[in-house]
> 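To start, I am sharing the structure in question, which I have written as structure tokens.
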Amino acid sequence: MVGETQLSPEWLSGKRIVVTGAASGIGLGAAQLFQRLGAELVVADRDHPALIKAWSELAPARCQQVDVVDEAACEALMASAHALLGGIDGVFNSAGVSDVVAPALEVAIADWQRVTDINLRGTFLVCRAAGRIMLAQGSGSIVTISSVNGVTGIPRRHAYGPAKAAIAQLTRTLACEWAGAGVRVNSLAPTYIRTPMIDRLSAEGKVDVGRLERRTPMGRLGEVEEVGAAAAFLLSDWSRFLTGVLLPVDGGWLAYGGPGDVETA
Ligand SMILES: NC(=O)c1ccc[n+]([C@@H]2O[C@H](COP(=O)([O-])OP(=O)(O)OC[C@H]3O[C@@H](n4cnc5c(N)ncnc54)[C@H](O)[C@@H]3O)[C@@H](O)[C@H]2O)c1
């Protein structure tokens with residue numbers, strides 16, 4: 001047994017965790033899982049009405065409105081979570097937006113900047129506000145969300161993929177900087193996950209789910225809870241010797257390098 005940490009069979013028993021982007025999709029599903037695994041939560045989102053609706057059983061003070069691009073709002077979120085919970089053991093950064101899909105010669109710089117700001121600047125500001133508290137505590141685990149698109153290039157996605165690659169690099173940088181102070185920082189690289197966003201894009205004919213499934217060694221999209229489970233592991237003490245990791249949650253997407261559909265390769 002290394003160190004004094006007690007490993008709980010309830011992975012997140014007593015862990016005080018802040019989740020951004022918790023009104024929808026991965027953030028919502030992951031936070032619900034963290035709660036089932038024993039965590040105490042503060043949930044946050046820019047869309048406060050949707051957050052309150054999704055978390056009607058949680059005390060209103062634990063449902064915080066935040067725009068992750070706003071530095072003061074990120075600092076206030078962590079200060080308030082610290083006061084409410086008595087400390088912060090974990091942070092899951094799920095606030096994010098998908099890309100404007102446009103050829104490089106046509107993409108509007110304002111759109112490029114917005115996607116970059118919410119994904120990259122937002123992740124940095126949330127990590128830094130959390131780090132301020134965790135470094136003083138001498139402990140904590142932060143999980144960011146990159147993407148398979150942060151590792152591989154996709155045409156006409158000039159803001160999202162580069163921002164997600166930068167999030168992975170930011171994660172490594174913070175992990176190295178804060179490891180000696182007891183704070184771990186890791187990242188997830190999900191493939192396409194079944195969320196309302198993907199269902200909507202599919203219904204609008206903008207995403208071909210069948211094609212994505214054929215490109216995936218495990219033959220299907222991911223589920224929100226599968227991303228949540230990977231995050232729960234990284235937030236728990238079971239991963240206490242992991243920091244600076246980029247963990248794919250992708251059914252084999254990044255492992256595959258064949259010329260076409262997996263089944264016909
Ligand atoms: N769904 C996928 O297939 C997929 C794949 C890889 C990575 N991701 C990443 O996972 C994260 C969650 O995606 P999702 O699919 O759950 O999306 P989603 O749209 O369902 O949820 C994102 C949440 O973030 C909130 N949000 C957006 N901008 C914000 C801001 N500035 N401040 C605070 N909250 C804000 C939204 O209100 C929303 O509730 C994103 O970072 C996304 O890039 C998603």
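Both ligands and their constituent atoms are indexed starting at 1 by order of listing.
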> Could you check atom 3 (O) of ligand 1 against the protein and tell me its nearest heavy-atom contact, residue, atom and distance included?
Ile193 N, 2.7 Å
> By number and element, which atoms of ligand 1 are closer than 4.0 Å to a non-hydrogen atom of Tyr192?
3 (O)
> What protein heavy atom sits nearest atom 6 (C) of ligand 1, and how far away is it?
Pro190 O, 3.5 Å
> To which protein heavy atom is atom 40 (C) of ligand 1 closest, and what is the distance rounded to 0.1 Å?
Ser94 O, 3.7 Å
> Walk me through it: do Thr144 and Thr123 pass the test side-chain hydrogen bond (donor to acceptor under 3.5 Å, both in side chains)?
CA-CA 7 Å; Thr144 64; Thr123 298; over 6 Å; no
> Could you tell me whether Lys164 and ligand 1 have an N or O pair separated by under 3.5 Å?
yes
> Using the rule given for side-chain contact (heavy atoms from CB on, under 4.5 Å), can you reason through Arg172 versus Leu246, listing the C-alpha separation, both sets of side-chain angles and the distance that settles it, and then say yes or no?
CA-CA 8 Å; Arg172 295 181 195 104; Leu246 177 64; 4.2 Å; yes
> Return yes when Asp67 approaches ligand 1 closer than 4.0 angstrom through a heavy atom, no otherwise.
yes
> Would you call Arg214 and Asp261 a salt bridge, using N to O less than 4.0 angstrom?
yes
> Would Arg36 and Glu225 count as a side-chain contact (heavy atoms from CB on, under 4.5 Å) if you check the C-alpha gap in whole Å, the side-chain angles of each, and the deciding distance to 0.1 Å?
CA-CA 12 Å; Arg36 294 214 305 277; Glu225 204 172 57; 2.5 Å; yes
> Answer with yes or no whether the hydrophobic clustering places Trp11 together with Val91; edges join I, L, V, M, F, W, Y residues whose side-chain heavy atoms lie under 4.5 Å apart.
no
> With atom 19 (O) of ligand 1 as the reference point, say which of Ser24, Ala54, Gly25 has the nearest heavy atom.
Ser24
> Below a 4.0 angstrom heavy-atom separation, can you tell me which part of Ser146, side chain or backbone, both or neither, approaches ligand 1?
backbone
> Which residue and atom name correspond to the protein heavy atom nearest atom 32 (N) of ligand 1, and how close is it?
Val68 N, 3.0 Å
> Does a donor on one side chain sit under 3.5 Å from an acceptor on the other, for Ser146 and Ser187?
no
> Which atoms of ligand 1 sit under 4.0 Å from any heavy atom of Gly96?
22 (C), 24 (O), 27 (C), 40 (C), 41 (O)
> Report the member of Ile118, Asp45, Leu188, Ile198 with the shortest heavy-atom distance to atom 37 (O) of ligand 1.
Asp45
> Tell me, with the steps shown, if Val107 and Val100 meet side-chain contact (heavy atoms from CB on, under 4.5 Å).
CA-CA 8 Å; Val107 70; Val100 268; 4.1 Å; yes
> Write out the residue and atom name of the closest protein heavy atom to atom 10 (O) of ligand 1, then the distance separating them to 0.1 Å.
Ile26 CD1, 3.5 Å
> Could you tell me the residue and atom name of the protein heavy atom closest to atom 34 (N) of ligand 1, and the distance to it rounded to 0.1 Å?
Arg46 N, 3.2 Å
> Which is it for Val224 and Ile193 under the side-chain contact (heavy atoms from CB on, under 4.5 Å) test, yes or no, and what are the steps along the way?
CA-CA 6 Å; Val224 159; Ile193 305 298; 4.1 Å; yes
> For atom 26 (N) of ligand 1, which of the options Ala22, Ala23, Ala73, Ala95 provides the nearest non-hydrogen atom?
Ala95
> How far is atom 5 (C) of ligand 1 from its nearest protein heavy atom, and which residue and atom name does that atom have?
Thr191 O, 3.1 Å
> Taking Lys15 first and then Asp237, would you say they form a salt bridge - that is, a charged N and a carboxylate O separated by under 4.0 Å?
yes
> Please report whether atom 17 (O) of ligand 1 has a protein non-hydrogen atom at a separation of less than 4.0 Å.
no
> Report the nearest protein non-hydrogen atom to atom 43 (O) of ligand 1: residue, atom name, distance rounded to 0.1 Å.
Tyr160 OH, 2.6 Å
> Identify which of Leu212, Thr195, Thr123, Val66 has a heavy atom lying nearest to atom 1 (N) of ligand 1.
Thr195
> Could you check whether Arg16 pairs with Asp89 (Lys NZ or Arg NE/NH1/NH2 to Asp/Glu carboxylate O, under 4.0 Å)?
yes
> Sequence neighbours left out, what pairs pass side chain to side chain donor-acceptor pair (under 3.5 Å) with at least one residue falling in residues 130-143?
Glu75-Arg132
